[in-house]
Amino acid sequence: MYTHGRIDFPRWTWDNEEDIINSVYVAAMRQLSRQEAFWMKKTIFKGAGVAIITPFTEDGVNFAELSRIIEDQIKGGTDAIVITGTSGESATMTDEEHRAAIKCAVDTVKGRIPVIAGTGSNETSYAIELSKYAEEVGADAVLVVTPYYNKCTQKGLIAHYKAIADSINIPIVLYDVPSRTGVGIQIPTYVELAKIPNIVAVKEANGDLSKILRLRAACGDSLDVYSGNDDQIVPILSLGGKGVISVLSNVAPKETHDMCQLYFDGKAEEAGKMQIEYADLIDALFCEVNPIPVKVAMRKLGYAAGPLRMPLSEMEPEHEKQLETALRNHGLIK
């Protein structure tokens, strides 16, 4: 160990100046007081991060097409790639596919924008394994959903997230989506979790703007908030949110980025108009359970998105017609 004042620096191998800076930052974050660590928390991204789909073949993941989609997202102005989340059908991926998709995203992006890897599980030890792997291959952060099905208590949530945070050095984005998991993160729990230096943000998909108001009041800038619902991008930005982790970005990356950027540029009214303008497309993308509509939409945009994995099924004809109409209204298909 190298010791400087109160801070011990591990004997890591440093290849360049950036590695030295990052290593010093990690070591410092481990040992500073909670109050000091709060002031060092960094925002992972501002704007629109795409909750990217996973294109499949009948035999597995179509990595060539995944790389193509990622490249098109970057060209379209997406601010971050969120891989192996709900929209990526991670629940039906094998462990090998899950890891390979994370590595594919990191290798394709090559540091141009942040890569956030979905590594959540209802088994804490597996979430730790995946999170460690994501860090090892170069992900910038992990997105960790609340444990599902076993429905732990708030005490259990704190223990779960603390165990994951203690196992890695990269930032953690909490993911609150009680409609899917059966358990939500309560405000006092957010306050406790925000004290952990590498828990830096939350993707809020509970749909309750009043709760987000209370979250912001309780945690302030110690926990960044990203909208997990595309119909609440601007409302959450108005409460101090940093952006959105977006399904809409799959089909409209530039527009979703622009909506956020307009707000950041002080053009809240214009951003609000965009939110309203895209309401029909957002509704169509959620007229059936995500990611059924967005995967169908990506096929219609010319991507080899491949099949949905069971138990997800193909869209009902009337919903597919609704989706086509919305895509056409916004000039995304002819």
Side-chain angles (χ1 to χ4, degrees), residues 47-57 61-62 65-93 97 101 105 116 118 143 145 175 177 179-180 203 205 207 226-233 243-257 259-260 274-275 277-333:
V50 61
I52 202 162
I53 68 158
T54 303
F56 291 123
T57 66
V61 177
N62 185 339
E65 192 68 359
L66 177 58
S67 293
R68 177 191 169 211
I69 294 169
I70 290 170
E71 288 291 351
D72 285 351
Q73 285 290 318
I74 293 172
K75 290 174 186 174
T78 286
D79 298 290
I81 302 294
V82 184
I83 189 78
T84 57
T86 306
S87 302
E89 297 178 81
S90 60
T92 55
M93 296 172 78
E97 288 173 335
I116 303 170
L143 176 70
V145 70
Y175 183 10
V177 57
S179 63
R180 285 184 180 268
K203 175 185 176 183
Y226 296 103
S227 176
N229 295 320
D230 284 307
D231 60 355
Q232 294 182 338
I233 299 172
V244 60
I245 295 178
S246 169
V247 174
L248 176 64
S249 285
N250 281 278
V251 299
K254 181 180 183 303
E255 292 78 7
T256 314
H257 164 84
M259 191 186 304
C260 295
M274 280 196 77
Q275 178 79 81
E277 178 186 352
Y278 279 86
D280 63 328
L281 181 53
I282 294 165
D283 287 347
L285 288 171
F286 290 92
C287 66
E288 291 188 20
V289 66
N290 180 53
I292 293 173
V294 71
K295 201 150 194 187
V296 173
M298 291 293 276
R299 292 180 201 153
K300 294 181 184 298
L301 268 58
Y303 292 102
L308 291 148
R309 282 191 170 173
M310 290 179 67
L312 297 183
S313 58
E314 292 299 323
M315 288 187 80
E316 296 297 329
E318 64 271 24
H319 290 154
E320 187 168 356
K321 183 177 179 181
Q322 176 187 353
L323 179 63
E324 285 181 351
T325 298
L327 290 169
R328 193 171 292 110
N329 286 345
H330 293 278
L332 296 172
I333 60 172

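Remember, predicted model here, so these are calculated numbers, not experimental data.
The shortest heavy-atom contact between Ile53 and Val294 is CG2-CG1, 3.8 Å. Closest approach of Ala48 and Thr78 over heavy atoms only: O-CG2, 3.6 Å. The minimum heavy-atom distance between Pro293 and Ala284, with the atom names listed, is CB-O, 3.5 Å.
Remark: side-chain polar atoms of Gln73 are not paired, donor with acceptor, to backbone N or O of Ile81 under 3.5 angstrom. Judged purely by atom type and a 3.5 angstrom limit, Thr256 uses its side chain to pair as donor or acceptor with the backbone of Ala252. Although no hydrogens or angles enter the test, the distance criterion places no donor-acceptor pair under 3.5 Å between the side chain of Ser227 and the main chain of Val244.
Contacts of Ala297 classified as side chain to side chain contact (heavy atoms under 4.5 Å, CB included), with partners at least two apart in sequence or in another chain: Val251, Leu285, Leu323, Leu327. For Arg328, the salt bridge (Lys or Arg N to Asp or Glu O under 4.0 Å) test picks out no residue, with sequence neighbours left out. Lys254 is linked by a side chain to side chain donor-acceptor pair (under 3.5 Å) to Asp258, counting only residues two or more places apart in sequence or in another chain. Under the salt bridge (Lys or Arg N to Asp or Glu O under 4.0 Å) criterion, Glu89 pairs with Lys295, not counting sequence neighbours. By the side chain to side chain donor-acceptor pair (under 3.5 Å) test, Glu320 is found to be paired with Lys300, residues two or more places apart in sequence or in another chain being considered. Under the side chain to side chain donor-acceptor pair (under 3.5 Å) criterion, Ser246 pairs with Asp230, Ser249, sequence neighbours left out. Checked against side chain to side chain contact (heavy atoms under 4.5 Å, CB included), Ala205 has the following partners two or more places apart in sequence or in another chain: Tyr175, Val177, Asn229. For Asp283, there are no side chain to side chain donor-acceptor pair (under 3.5 Å) partners two or more places apart in sequence or in a different chain. Residues passing the salt bridge (Lys or Arg N to Asp or Glu O under 4.0 Å) test with Glu288: none are found, sequence neighbours excluded.
Residues Asp280 and Thr325 form no side-chain contact, since every pair of their non-hydrogen atoms from C-beta on lies 4.5 Å or further apart. Residues Leu281 and Glu255 fail the side-chain proximity criterion, which asks for heavy atoms closer than 4.5 Å. Pro291 places none of its side-chain heavy atoms less than 4.5 Å from the side chain of Val247. Side-chain contact between Ile69 and Pro55: present, with at least one pair of heavy atoms (C-beta onward) separated by less than 4.5 Å.
Put simply, CG on Leu143 and OG1 on Thr84 are 8.5 Å apart, with the number rounded to the nearest 0.5 Å. Atom CG in Asn62 sits 13.0 Å away from atom OH in Tyr303 (nearest 0.5 Å).
A donor-acceptor pair shorter than 3.5 Å cannot be found between the side chains of Ser87 and Asn250.
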**Request:** Please test Val145 against Lys203 for side-chain contact (heavy atoms from CB on, under 4.5 Å), starting from the C-alpha separation and ending with a verdict.
**Result:** CA-CA 9 Å; Val145 70; Lys203 175 185 176 183; over 6 Å; no
**Message:** Run the side-chain contact (heavy atoms from CB on, under 4.5 Å) test on Val61 and Thr54 for me, step by step, so that the C-alpha distance in whole Å, both residues' side-chain angles and the decisive distance to 0.1 Å come before the verdict.
**Reply:** CA-CA 7 Å; Val61 177; Thr54 303; 3.8 Å; yes
**Message:** With side-chain contact (heavy atoms from CB on, under 4.5 Å) as the criterion, how do Arg180 and Val289 come out once you've worked through the C-alpha distance, each side chain's angles and the decisive distance to 0.1 Å?
**Reply:** CA-CA 10 Å; Arg180 285 184 180 268; Val289 66; 3.7 Å; yes
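Residue pairs meeting the salt bridge (charged side-chain N to carboxylate O under 4.0 Å, His left out) criterion with at least one partner in residues 68-82, sequence neighbours excluded, are Glu65-Arg68, Glu71-Arg112. Legend: ring pair (Phe, Tyr, Trp, His ring centres under 6.0 Å) pairs involving residues 277-300, not counting sequence neighbours, sorted by first then second residue: Tyr278-His330.
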What side-chain donor-acceptor pairs closer than 3.5 Å can you find for residues 310-318, not counting sequence neighbours?
| unit_1 | atom_1 | unit_2 | atom_2 | d |
| --- | --- | --- | --- | --- |
| Glu314 | OE1 | Arg299 | NH1 | 3.0 |
| Glu314 | OE2 | Arg299 | NH2 | 3.0 |

